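Worksheet for the structure shown next.
What you see is a predicted model, and the numbers here were worked out from it, not measured in a lab.
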Amino acid sequence: MITNSGLPETCTVAVPTVATDGGVFQVNPSLGPITGLKAYKLSNEANDQVLLVAQANGVSVIIGSDASDFKMFTLTAEYGIPSNRCFLQMQNDLWFLATDGMRKFS
């Protein structure tokens, strides 16, 4: 859930959706429980970020710039990420320990 600042159970959505609205995302249940979250800046040239949603049997991602265009999709079901402590950022690269070994997010 992406909410207004304040109480986590408060989520406001206007009609039509505006940039300051909250939102609720449902992760793919076949990928297992959420094991971690990691915000990652895609490049130094822009301020674009993604939110990686680590799950026991896969990885999902949330992209967008504000509440009017956030999207969530499954990135992979090939491997999971066992813990939020599995991420390591080295300079511009994001490495993580997956259930099948070390991987680099690209």
Side-chain angles (χ1 to χ4, degrees):
M1 178 186 304
I2 299 174
T3 70
N4 303 353
S5 59
L7 301 175
E9 61 273 0
T10 303
C11 181
T12 304
V13 179
V15 178
T17 305
V18 295
T20 56
D21 285 350
V24 177
F25 294 97
Q26 175 68 43
V27 296
N28 183 343
S30 68
L31 299 181
I34 294 174
T35 57
L37 299 169
K38 177 68 176 169
Y40 180 65
K41 188 174 177 181
L42 296 175
S43 74
N44 288 329
E45 287 77 42
N47 203 21
D48 298 336
Q49 289 189 347
V50 298
L51 179 63
L52 297 171
V53 181
Q55 293 177 254
N57 303 311
V59 181
S60 298
V61 66
I62 298 176
I63 60 170
S65 57
D66 60 46
S68 64
D69 68 351
F70 280 131
K71 294 173 185 59
M72 178 178 215
F73 61 90
T74 299
L75 188 61
T76 186
E78 287 182 43
Y79 52 83
I81 299 177
S83 160
N84 201 42
R85 292 187 252 170
C86 292
F87 293 102
L88 173 67
Q89 187 155 355
M90 295 175 58
Q91 296 179 346
N92 294 332
D93 297 327
L94 179 65
W95 290 86
F96 56 92
L97 177 63
T99 53
D100 67 347
M102 288 297 293
R103 293 200 171 244
K104 183 173 123 178
F105 179 73
S106 51

Only counting residues at least two apart or in another chain, list the ones meeting side chain to side chain donor-acceptor pair (under 3.5 Å) with D93.
none
Closest non-hydrogen atom pair between S60 and Q55, with its separation:
OG-OE1, 2.8 Å
How would you list, by chain and number, every residue that makes a ring-ring contact (aromatic ring centres under 6.0 Å, His included) with F87, sequence neighbours excluded?
none
Tightest non-hydrogen contact, residues F70 and I62, listed as CD2-CG2, 4.1 Å
In terms of hydrophobic clusters joined by side-chain contacts under 4.5 Å, are L31 and V27 together?
no
Could you go step by step and tell me if L37 and V53 meet the side chain to side chain contact (heavy atoms under 4.5 Å, CB included) rule?
CA-CA 5 Å; L37 299 169; V53 181; 3.9 Å; yes
How is the hydrophobic cluster of L88 composed, in terms of its other members, when Ile, Leu, Val, Met, Phe, Trp and Tyr link through side-chain heavy atoms under 4.5 Å apart, directly or indirectly?
M90, W95, L97, M102
Among pairs that include at least one residue of residues 52-61, which meet salt bridge (Lys or Arg N to Asp or Glu O under 4.0 Å), considering only residues two or more places apart or in two chains?
none
D100: which residues meet the salt bridge (charged side-chain N to carboxylate O under 4.0 Å, His left out) condition with it, sequence neighbours left out?
R103
In short, K104 meets F96 closest at the heavy-atom pair C-CE2, 4.1 Å
Pairs satisfying side chain to side chain donor-acceptor pair (under 3.5 Å), at least one member in residues 27-36, at least two apart
N28-S30
Please enumerate all residues that pass salt bridge (charged side-chain N to carboxylate O under 4.0 Å, His left out) together with K71, with sequence neighbours excluded.
none
Pairwise salt bridge (Lys or Arg N to Asp or Glu O under 4.0 Å) hits with a residue in residues 28-40, at least two apart
none
Check residues 73-83 and write down every donor-acceptor pair under 3.5 Å in which the side-chain atom is one partner and the other belongs to a residue at least two apart or another chain.
| residue | atom | partner | partner atom | Å |
| --- | --- | --- | --- | --- |
| T76 | OG1 | E78 | N | 3.0 |
| S83 | OG | R85 | N | 3.0 |

